[in-house]
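All values reported here derive from a predicted model rather than from experimental measurement. Each residue takes its place number in the sequence, starting with 1.
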Amino acid sequence: MANKSNHLVIMAGGVGSRFWPMSTVEKPKQFIDVLGLGKSLLQLTVDRFSGIVDTQNIWIVTNKSYIDIVREQLPTIPETNILCEPCRRNTAPCIAYVSWRIKSKDQKANIVVTPSDHIVMDIPAFQRVISNCLNFTNETDSIVTIGIKPTRPETGYGYIQADLSSSSLRNKDIFRVDSFREKPDSETAKLYIKKNYYFWNAGIFVWNVNTIVNAFRVYQAPMAKIFESLLPVYGTDREQEEIDKHFPECESISVDYAIMEKAEEIFVHPGDFGWSDLGTWGSLQAQTPKDLYGNSCIGNNIRMFDSHNCMVHTTEEKRVIIQGLDGYIVAEHNDTLLICKLSEEQRIKQFSEQ
């Protein structure tokens, strides 16, 4: 049974089209069925919090272009819980807005903030970590972030350096954060992977609403003043009008820079539950089952011959036969077919614009 004060915030305003041709600016990856499971990444994100957060306490922050998609994909979420950013201002204003909005409804809210476009393969392990964190923040004035045990020297993620010398007195699985590290170069990433106290920063945060609101008041006073002043209009017909007017006044800054790197009571809960932010076709291949030859295939009618280490995503009703490829992406959507070397996928964006 979910705690009535548990709330989930899903940030779903990203405009990335990294999984072209499936994802586009009009319908980015959080709204598409990347894994071939019949559900979008956004829907899977909601599903994995089942039993932890009631539907009435799920909040989606997106932009105007995606409001209708969110409503279509999440029909059980109250429409008043779908918040619309009038412009892009990074994650700190997004989180500040929804935090004050939740506070206007629930003064004791315990909140998880997560991106909408990540995957988790081991749901029970993930839920244990999240429940641990919610119990911890319910009893303390602390901020907890999730640290993923690294499996490779990844240069595309930020890292968390944890103090593993002693755990929190309240929870043996939670440790103080020593520092946050930017995305490293290859050599630095190799050094990190050799040490057991560096973790990938998953961008998942857990805190009590009063803890995060007070942190904004201390470290981002101008931003806090904006959303504090709007308390009388939250939940009314005037809310969107006032947000449209004042949200653009916020500094464009990530919550990592705005709060996490400044606050004192910052903790990390290490986790190992098959997480990926799915930033590339290569990361999808790394997280999905493979045949004996290293091929990952998502689709119902795919035959591979003499092929190795490929990522094939063909979920439409076509028979697909591939022979003689090594290290390629093969993906189709509507009237577009992509065949590209995995090692060259950074060029996909320029291909799609030609």
For Gly36 against Thr315, the heavy-atom pair lying closest together: CA-CG2, 4.5 Å
Assess whether side-chain hydrogen bond (donor to acceptor under 3.5 Å, both in side chains) is satisfied between Glu139 and Asn135, documenting all intermediate values. CA-CA 7 Å; Glu139 299 171 349; Asn135 290 335; over 6 Å; no
More than 12 heavy atoms from other groups under 6.0 Å of OH on Tyr257: no
Restricting to side chain to side chain donor-acceptor pair (under 3.5 Å), what partner residues turn up for Asn214, sequence neighbours left out? Arg217
Residues Lys39, Asp33: salt bridge by 4.0 Å N-O rule: no
Applying salt bridge (Lys or Arg N to Asp or Glu O under 4.0 Å) to Glu344 and Arg347, what does each step give before you reach the verdict? CA-CA 6 Å; Glu344 296 288 328; Arg347 299 177 61 191; 3.5 Å; yes
Partner of Asp163 under side-chain hydrogen bond (donor to acceptor under 3.5 Å, both in side chains), chosen from Ser167, Ser166, Ser165: Ser165
Looking only at heavy atoms, what is the nearest atom pair of Leu278 and Asp117, with distance? CB-O, 4.1 Å
Can you label the angle between the Phe126 ring and the Phe273 ring as parallel, tilted or perpendicular, going by 30° and 60°? perpendicular
Are there over 12 heavy-atom neighbours, none belonging to Gln323, within less than 6.0 Å of that residue's CD? yes
Please evaluate residues Glu85 and Lys64 with respect to the criterion salt bridge (Lys or Arg N to Asp or Glu O under 4.0 Å), reporting the C-alpha separation (whole Å), side-chain torsions for both, the decisive distance (0.1 Å), and the verdict. CA-CA 7 Å; Glu85 298 173 298; Lys64 190 177 296 184; over 6 Å; no
Charged N to carboxylate O below 4.0 Å: is that the case for Glu187 and Lys190? yes
With sequence neighbours excluded, tell me which residues meet side chain to side chain donor-acceptor pair (under 3.5 Å) with Asn208. Asn210
Any chance you could measure Asn309, atom CG, to Asp326, atom CG, to the nearest 0.5 Å? 5.0 Å
Is there a continuous path of hydrophobic side-chain contacts, each under 4.5 Å between heavy atoms, that joins Val330 to Leu35? no
Passing option when Tyr157 is tested against Tyr192, Phe199, Trp275, Tyr198 for ring-ring contact (aromatic ring centres under 6.0 Å, His included): Trp275
Taking atom NZ as the centre, does Lys105 end up with more than 12 heavy-atom neighbours from other residues, nucleotides or ligands that are less than 6.0 angstrom away? yes
Output, in order, the C-alpha distance, side-chain angles, deciding distance and verdict of salt bridge (Lys or Arg N to Asp or Glu O under 4.0 Å) for Arg71 and Glu79. CA-CA 7 Å; Arg71 288 172 178 161; Glu79 285 209 16; 3.5 Å; yes
Do Arg181 and Gln161 have side chains that get closer than 4.5 Å, going by heavy atoms? yes
Might you point out which heavy atoms bring Thr280 and Glu345 nearest each other, and give the distance in Å? CB-OE2, 3.3 Å
ILVMFWY cluster, Val209 and Leu8 together (side-chain gap under 4.5 Å): yes
Does the side chain of Ile143 come within less than 4.5 Å of Ile259's, by heavy atoms? yes
4.5 Å side-chain heavy-atom contact, Trp59 and Ile102: yes
Transitively linked via ILVMFWY side-chain contacts under 4.5 Å: Met311 with Leu337? no
Answer whether the closest heavy-atom distance between the side chains of Met304 and Val312 falls below 4.5 Å. yes
Using ring centroids (six-membered ring only for Trp), state whether Phe175 and Phe267 fall under 6.0 Å. no
Measure from the ring center of Tyr328 to the ring center of Trp281 and say whether it is less than 6.0 Å. no
Taking all non-hydrogen atoms of both residues into account, name the closest pair between Ser23 and Trp20 and its distance. OG-N, 3.4 Å
Could you tell me whether Lys183 and Glu154 have a side-chain N and a carboxylate O separated by less than 4.0 Å? no
Nearest atoms (heavy-atom pairs only) where Asn57 meets Val53: O-CG1, 3.7 Å
Looking only at heavy atoms, which two atoms of Asn90 and Pro93 are closest? And how far apart? O-CD, 3.7 Å
Same cluster (ILVMFWY, side-chain, under 4.5 Å), Ile253 and Ile212: yes
Just wondering, are more than 12 heavy atoms of other shown residues or ligands nearer than 6.0 Å to CG in Asp237? no
